[in-house]
Amino acid sequence: MKTRNTTTTADQAHLANRTQTLAAALTAAVFGSFLFLAVGFAHSATVHNATHDARHAFALPCH
């Protein structure tokens with residue numbers, strides 16, 4: 001007797017979509033944690049200067 005493969009294309013697509021979503025969430029969590037820790041342990045002048053330069057790069061007023 002042959003065994004039947006019950007996995008459909010729709011099931012495979014759903015699994016691939018779920019895997020991509022999980023990978024994106026994990027990447028965002030790792031990147032967010034890195035930013036949080038990097039800013040948390042940086043000297044305040046370093047954070048201020050980086051923010052100040054970024055605001056000028058986007059032509060936003062800061063003073």
Side-chain angles (χ1 to χ4, degrees):
M1 181 176 232
K2 283 186 172 182
T3 57
R4 236 170 93 181
N5 186 358
T6 58
T7 305
T8 64
T9 304
D11 290 338
Q12 290 174 347
H14 178 69
L15 182 61
N17 186 24
R18 207 172 148 115
T19 302
Q20 289 174 346
T21 302
L22 182 61
L26 184 60
T27 301
V30 169
F31 184 64
S33 296
F34 169 75
L35 286 178
F36 181 75
L37 291 171
V39 170
F41 287 109
H43 297 288
S44 62
T46 304
V47 175
H48 171 80
N49 290 338
T51 305
H52 185 259
D53 293 344
R55 290 183 64 88
H56 280 294
F58 288 111
L60 296 171
C62 61
H63 299 282

Check residues 24-36 and write down every donor-acceptor pair under 3.5 Å in which the side-chain atom is one partner and the other belongs to a residue at least two apart or another chain.
{"unit_1": "Thr27", "atom_1": "OG1", "unit_2": "Ala23", "atom_2": "O", "d": "2.8"}
{"unit_1": "Ser33", "atom_1": "OG", "unit_2": "Ala29", "atom_2": "O", "d": "2.9"}

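Note that the OG1 atom of Thr9 and the NE2 atom of His14 stand 14.5 Å from one another [nearest 0.5 Å]. Residue Thr46 holds its OG1 atom at 11.0 Å from NE2 of His48, rounded to the nearest 0.5 Å.
With sequence neighbours left out, Val47 forms a side-chain contact (heavy atoms from CB on, under 4.5 Å) with Val39, Ala42, Thr51. The side-chain contact (heavy atoms from CB on, under 4.5 Å) check on Leu37 picks up Phe41, with sequence neighbours excluded.
Classification of the His56-His52 ring pair by plane angle, with boundaries at 30° and 60°, yields perpendicular.
In terms of modelled atom types and a separation under 3.5 Å, the side chain of Asn17 and the main chain of Ala13 share no donor-acceptor contact.
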